[in-house]
Amino acid sequence: QVQLVESGGGLVQPGGSLRLSCAASGFPFRTYFMAWYRQAPGKGRELVASISTSGRTNYVDSVKGRFIVSRDNSINAMYLQLNSLKPEDTAVYYCVAPGPSYWGQGTQVTVSS
């Protein structure tokens, strides 16, 4: 059974940081391209960051220099470090294996003073 379980979301003030985690199981994680998506209230889903099996990363322009995606294939985990958070980063963040379209349940990130 495929599972992607996100954790680490919460309420943070502007300028703060969070670290999201994704625990994967039920598929050969190390062989899959992985990504983080987000969905803000009233908006569509947006690709935030991606990481290849070899660790190559890509980011949407709005988070470049602030977010860092990483993975640990030894424990089937992916991470998203969110720094210098802005109110417009408020969204539900999803861990995704885009190829087979595996999605986690999402974790809420709220940036507000």
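Positions are given from 1 along the sequence.
The side-chain heavy atoms of Met78 and Phe29, taken from C-beta on, include a pair separated by under 4.5 Å. Using a 4.5 Å heavy-atom cutoff, the side chains of Ser62 and Glu46 are in contact.
Grouping the Ile, Leu, Val, Met, Phe, Trp and Tyr side chains by contacts below 4.5 angstrom, directly or via other members, places Met34 apart from Val5. Cluster annotation: Val60 and Ile68 are assigned to the same hydrophobic cluster (Ile/Leu/Val/Met/Phe/Trp/Tyr, side-chain heavy-atom contacts under 4.5 Å, transitive). Residues Tyr79 and Leu85 fall into different hydrophobic clusters, defined by Ile, Leu, Val, Met, Phe, Trp and Tyr side chains chained together at heavy-atom separations under 4.5 Å.
Distance check: Arg30 CZ to Asn76 CG gives 7.0 Å after rounding to the nearest 0.5 Å. Rounded to the nearest 0.5 Å, atoms CZ (Phe67) and CH2 (Trp36) are 11.0 Å apart. In this structure, NZ on Lys64 lies 10.0 Å from OG1 on Thr57, to the nearest 0.5 angstrom.
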Please report, to 0.1 Å, the donor-acceptor pairs under 3.5 Å made by any side chain of residues 104-113, with sequence neighbours excluded.
unit_1: Gln105; atom_1: NE2; unit_2: Glu6; atom_2: O; d: 3.4
unit_1: Gln105; atom_1: NE2; unit_2: Glu6; atom_2: OE1; d: 3.4
unit_1: Thr107; atom_1: OG1; unit_2: Gly9; atom_2: N; d: 3.2
unit_1: Gln108; atom_1: NE2; unit_2: Ala91; atom_2: O; d: 3.4
unit_1: Gln108; atom_1: NE2; unit_2: Thr110; atom_2: OG1; d: 3.3

Side chains of residues 16-28: which donor-acceptor pairs under 3.5 Å do they make with residues two or more places apart or in other chains?
unit_1: Ser17; atom_1: OG; unit_2: Asn83; atom_2: OD1; d: 3.1

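In this structure, Tyr94 belongs to a hydrophobic cluster whose other members, linked by side-chain heavy atoms under 4.5 Å apart, are Tyr37, Leu47, Val92, Val96, Trp103.
Considering only residues two or more places apart in sequence or on other chains, Thr53 meets the side-chain hydrogen bond (donor to acceptor under 3.5 Å, both in side chains) condition with none of them. Checked against side-chain hydrogen bond (donor to acceptor under 3.5 Å, both in side chains), Ser54 has the following partners two or more places apart in sequence or in another chain: Ser52.
Listed by first and then second residue, the disulfide bond (SG atoms under 2.5 Å apart) pairs that reach into residues 49-87 come to none, sequence neighbours excluded.
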* Give the C-alpha distance, both sets of side-chain angles, the deciding distance and a yes or no for side-chain contact (heavy atoms from CB on, under 4.5 Å) between Arg38 and Asp89. => CA-CA 9 Å; Arg38 68 184 178 186; Asp89 295 318; 3.0 Å; yes
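Here the closest non-hydrogen pair linking Ala49 and Leu80 is CB-CD1, 4.2 Å.
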